Amino acid sequence: MFVILCNVKGLTQNIQLKSRLEKIEIQEDATFINEVTVIFKRSDEPRLYPIFYDTELEQISNIRLFSKKGKRLKKLPLKNIYEEDVKLDYITSKMVKSVTIPADKEIQLTYSVSCKELMYFSSLPFFSNNTIDTLQYQIKIPKKFELAHNTIYKDSLSFYAIDSTKTATNALWNIKVSPKKVQPDPLQFFGIYKNMKVPLMRTIVMPHSYKNRPTDYFNDWYFKRITPKKGLNVFVKHKIDELTINVTDPLELINIIYNYVKSNFKYVAIEIGMGAFIPSPTNEVFVNKQGDCKDLSNFLTEALKYKGIKSDIALAATFDHISDCDFPSLSSANHVISIAYINGETILLDPTDSIHLEGTPVQSLQGRTILIINNERGSFYPVKRFTPQQNKICYQLNLKMDSNDMLLKGKFDIDYNGISSNYLRRALKSEGKKEFVCFAEIFYEKVFGNQSISDLTVTNESKKLHFEGNISINGKTVNDGQNKYLFIDFLPRLIETESRETLIEGTYLESPFHKKVRAKIKMDEPIEVFKPIKYTYQGEEISLQVTIRAISDSEVQCNYDFIFDHIFIEKENIDKANEILKSFKKIINEPIVLKKQKN
């Protein structure tokens, strides 16, 4: 991506724009034309302005330049228009025209973008890489069509105005905003807005017969286009029969076919025009044994249907997409999954997630909405989240103090339940077991505050990942003759996936979890039993309880329970999360004073 953009000189410049106006006119034949006018402020240096377009669906024409003085325009000759293919692994039909904008004058650039697919008019960005004083959209819609829209993050705009007027022949929408300035990101040029929370209007233009039913229209439009891509030939059916011979239980059938696709088909993302949204033919996907999310999900759906299991595909928005898939627009979704129905239960299947278990939420879609597509009518379905209780992480340490060597030695056991171990499971799947054990030893040495790990073993079960090993902890005991001082900063950090002491807004923590740590330490000489030391910190859907107590005169136990019922660090929870992290560090950095028993 960055190599391509560097070839187009000046592409990432912060260009000062006075205004940008897009006049979008919907045609009677369900195509549309966008007449774009950009006014550039005077600059001491010439600039390059990029125009990205899809070669399969769009055409660029009528590129013109004018010098502007007041209301007077003087046409300028076009010089040095650079044109390049954008060749990426997953974007193969994009092209960029870069227009040279002269220096020393206020310049007006105009050009036309014609598009043959109306559904491609799916969003209006209210943000820009460039500094723009005023951004305007005018949308002209014939009487036979209706516009539905939904704007996200509108509160972040300093100015926003929208109105519409109707005549006997059409409706005219006027939208004017002061756009939000965002940091340049090459992906934005292709309509890919990852991990962004910026204002965007999602749009859909539908025939008047679908008035107030945009979801039905989107469903019918999409279903009509994927229908020719469905169906299995005799060779594919024979393979599925071979895999499922003598199997009649629906859940077992799902498990076999789902795991066959995940294990034998390669994920390859390719976006070509409408191919960015419409899957490849199922038989072609089977022959090539590869495809992207829509290809694999469509194939899986057809395979399940062949075995008598009701199944649909669904459009979705993963955790890093700009919006949820709660509005019927192509800009709402960046993912496709398969859905199966057993005994009235909706089962999510994501063949691109190699470690997903059917019957559980898809990790990247927790708390999001999906749009199920079928031959009846589309329907939105809220994906459940995992609860912290489903994702328990349990540590058990059994240590023994050796004051002569100033060591704590012993064993540890760790159990991960639910998807709490997914970041480790993905590493285990991509590496050999020997290499993974080496990786895990280094990982846990850091988790335990840079202590020594040895003889680590891992047991991988379908719903649980188990580790055990030996640990040697150095320099955590001090003896002054009357008291022992025990430092417990070797206790595993609260959030394993993050090593930083202060979290930043937008940090993705993958899933809610409940972490339980139980550490028993046997003394090498008797101590006085002390009153339990307790710390409690409580926030909204986040809590920490720490207890330090003497079980007897020869054993101390250090426990904590940390519950985090969020997926992201966000504005609403960042203060409490960092307060708890800071408090925990203070607790484990302060020594526990253990008084020796007097003879």
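We count residues from 1, following the sequence as given. Hydrogens, waters and symmetry mates play no part in the numbers below; they use all other heavy atoms, side chains included. Keep in mind the model is a prediction, meaning the values are calculated, not measured.
Taking the six-membered ring for Trp and the full ring otherwise, F562 and F584 have centroids separated by 6.0 Å or more. Ring centroid separation for the pair F127 and Y153 does not come in under the 6.0 Å cut-off. The ring of F513 has its center no closer than 6.0 angstrom to the ring center of F386.
The main-chain N or O of L371 is never found under 3.5 Å from a side-chain atom of N219 such that the two would form a donor-acceptor pair. Using a distance-only test at 3.5 Å, with no hydrogens or angles considered, a donor-acceptor pair links the side chain of N391 to the main chain of P512. Between the Y160 side chain and the I175 main chain, no donor and acceptor come within less than 3.5 Å of each other. Distance alone, capped at 3.5 Å, is enough to place a donor-acceptor pair between the K181 side chain and the N129 backbone. Of the possible polar contacts, one joining the T507 side chain to the I504 backbone as a donor-acceptor pair under 3.5 Å is found. No side-chain donor-acceptor contact under 3.5 Å links S420 to the backbone of Y416.
Ring geometry for F436 versus F439: interplanar angle of 30 to 60°, hence tilted. Aromatic ring orientation, F319 versus Y508: parallel (interplanar angle below 30°, classes split at 30° and 60°). Taking the six-membered ring for Trp and thresholds of 30 and 60 degrees, F277 and Y120 have ring planes more than 60 degrees apart, a perpendicular arrangement. Using a 30° and 60° split on the angle between ring planes, W221 and F218 fall in the tilted class, from 30° to 60°. Y395 and Y444 have perpendicular rings, their planes meeting at more than 60° on a 0 to 90° scale where under 30° would count as parallel.
The existence of a salt bridge linking E579 and K582 is excluded, since no basic side-chain nitrogen approaches an acidic carboxylate oxygen closer than 4.0 Å. Taking a cutoff of 4.0 Å between a charged side-chain nitrogen and a carboxylate oxygen, K392 and D561 do not qualify as a salt bridge. For E505 and K197, the salt-bridge test fails: no basic side-chain N is under 4.0 Å from an acidic carboxylate O.
Contact between S462 and R425 at its shortest, heavy atoms only, is O-NH2, 3.9 Å. Listed here is the closest heavy atom pair of D350 and H356: N-ND1, 4.0 Å. When all heavy atoms of I370 and A316 are compared, the closest pair comes out as CG2-CB, 3.5 Å. Taking all atoms of both residues into account, the shortest heavy-atom contact from I339 to A314 is CG1-CB, 3.9 Å. For the pair P351 and V261, the tightest heavy-atom approach, listed with the atom from each and the gap, is CB-CG1, 3.9 Å. Across every non-hydrogen atom of G378 and T215, the tightest pair is O-CG2, 3.8 Å.
The CD1 atom of I587 lies 11.0 Å from the OH atom of Y560; values are rounded to the nearest 0.5 Å. The OG atom of S421 sits 11.0 Å away from atom CD1 of I414, with the distance rounded to the nearest 0.5 Å. To the nearest 0.5 Å, atoms CD1 (I313) and CG (L349) are separated by 13.0 Å. Here the NZ-CD1 distance, from K516 to I563, works out to 9.5 Å after rounding to the nearest 0.5 Å. For the atom pair L486 CG and K476 NZ, the distance stands at 10.0 Å (nearest 0.5 Å). Atom OG1 of T502 and atom NZ of K585 lie 8.5 Å apart (nearest 0.5 Å).
Annotation: side chain of Y423 is in contact with side chain of F443 (closest heavy-atom distance under 4.5 Å). F564 places a side-chain heavy atom less than 4.5 Å from the side chain of I569. The shortest side-chain heavy-atom distance between K463 and T360 does not fall under the 4.5 Å cut-off. Side-chain contact between E501 and L503: absent, with no pair of heavy atoms (C-beta onward) separated by less than 4.5 Å. When side chains are defined from C-beta on, L494 does not count as touching K515, because their heavy atoms never get closer than 4.5 Å. Put simply, the side chain of L124 does not reach to within 4.5 Å of the side chain of H149, judged on heavy atoms. Residues F412 and L399 are not in side-chain contact: their nearest non-hydrogen atoms beyond the backbone lie 4.5 Å or more apart. When side chains are defined from C-beta on, D295 does not count as touching F265, because their heavy atoms never get closer than 4.5 Å.
Side-chain atoms of Q363 and N422 form a donor-acceptor pair, as typed in the model, at a separation below 3.5 Å. Inspection of the R549 and N559 side chains reveals no N or O donor paired with an N or O acceptor under 3.5 Å. Using a 3.5 Å distance cut-off with no hydrogens or angles, the side chains of S511 and Q366 do pair a donor with an acceptor.
When each of L365, L357, V383 is checked for a side chain to side chain contact (heavy atoms under 4.5 Å, CB included) with L348, only V383 meets the rule.
For K23, the NZ atom counts as loosely surrounded, since its 6.0 Å shell holds 12 or fewer non-hydrogen atoms of other residues, nucleotides or ligands. The neighbour count for K576 NZ, taken as heavy atoms of other residues, nucleotides or ligands under 6.0 Å away, is above 12. The environment of CD in E461 is crowded: more than 12 heavy-atom neighbours from other residues, nucleotides or ligands sit within 6.0 Å. For N589, the CG atom is densely surrounded, since the number of other residues' heavy atoms within 6.0 Å is greater than 12.
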Problem set entry | Residue pair Q451, L408: steps toward the side-chain contact (heavy atoms from CB on, under 4.5 Å) verdict | CA-CA 10 Å; Q451 303 304 322; L408 299 173; over 6 Å; no
Exercise. Would E22 and R20 count as a salt bridge (charged side-chain N to carboxylate O under 4.0 Å, His left out) if you check the C-alpha gap in whole Å, the side-chain angles of each, and the deciding distance to 0.1 Å?
Worked result: CA-CA 7 Å; E22 297 188 24; R20 178 183 174 94; 2.9 Å; yes
Problem set entry | Candidate pair R368 and T318, rule side-chain contact (heavy atoms from CB on, under 4.5 Å), full reasoning | CA-CA 8 Å; R368 309 284 273 177; T318 54; over 6 Å; no
Problem set entry | Residue pair D353, R426: steps toward the salt bridge (charged side-chain N to carboxylate O under 4.0 Å, His left out) verdict | CA-CA 10 Å; D353 186 342; R426 290 194 169 91; 3.3 Å; yes
For this session: Might you work through the side-chain contact (heavy atoms from CB on, under 4.5 Å) test for F448 and I473, ending with a clear yes or no?
Result: CA-CA 9 Å; F448 284 116; I473 300 168; over 6 Å; no
For this session: Assess whether side-chain contact (heavy atoms from CB on, under 4.5 Å) is satisfied between F568 and L509, documenting all intermediate values.
Result: CA-CA 6 Å; F568 287 93; L509 298 180; over 6 Å; no
Under 3.5 Å, which donor-acceptor pairs link side chains of residues 323-333 to any protein atom two or more places apart or in another chain?
residue: D324; atom: OD1; partner: T369; partner atom: N; Å: 2.9
residue: D324; atom: OD2; partner: T369; partner atom: N; Å: 3.4
residue: D324; atom: OD2; partner: T369; partner atom: OG1; Å: 3.2
residue: D326; atom: OD1; partner: R202; partner atom: NH1; Å: 2.9
residue: D326; atom: OD1; partner: R202; partner atom: NH2; Å: 2.9
residue: S329; atom: OG; partner: S122; partner atom: O; Å: 2.8
residue: S329; atom: OG; partner: T203; partner atom: O; Å: 3.3
residue: S329; atom: OG; partner: S331; partner atom: N; Å: 3.2
residue: S329; atom: OG; partner: S331; partner atom: OG; Å: 3.0
residue: S331; atom: OG; partner: S122; partner atom: O; Å: 3.0
residue: S332; atom: OG; partner: R202; partner atom: NH1; Å: 3.2
residue: S332; atom: OG; partner: F327; partner atom: O; Å: 2.7

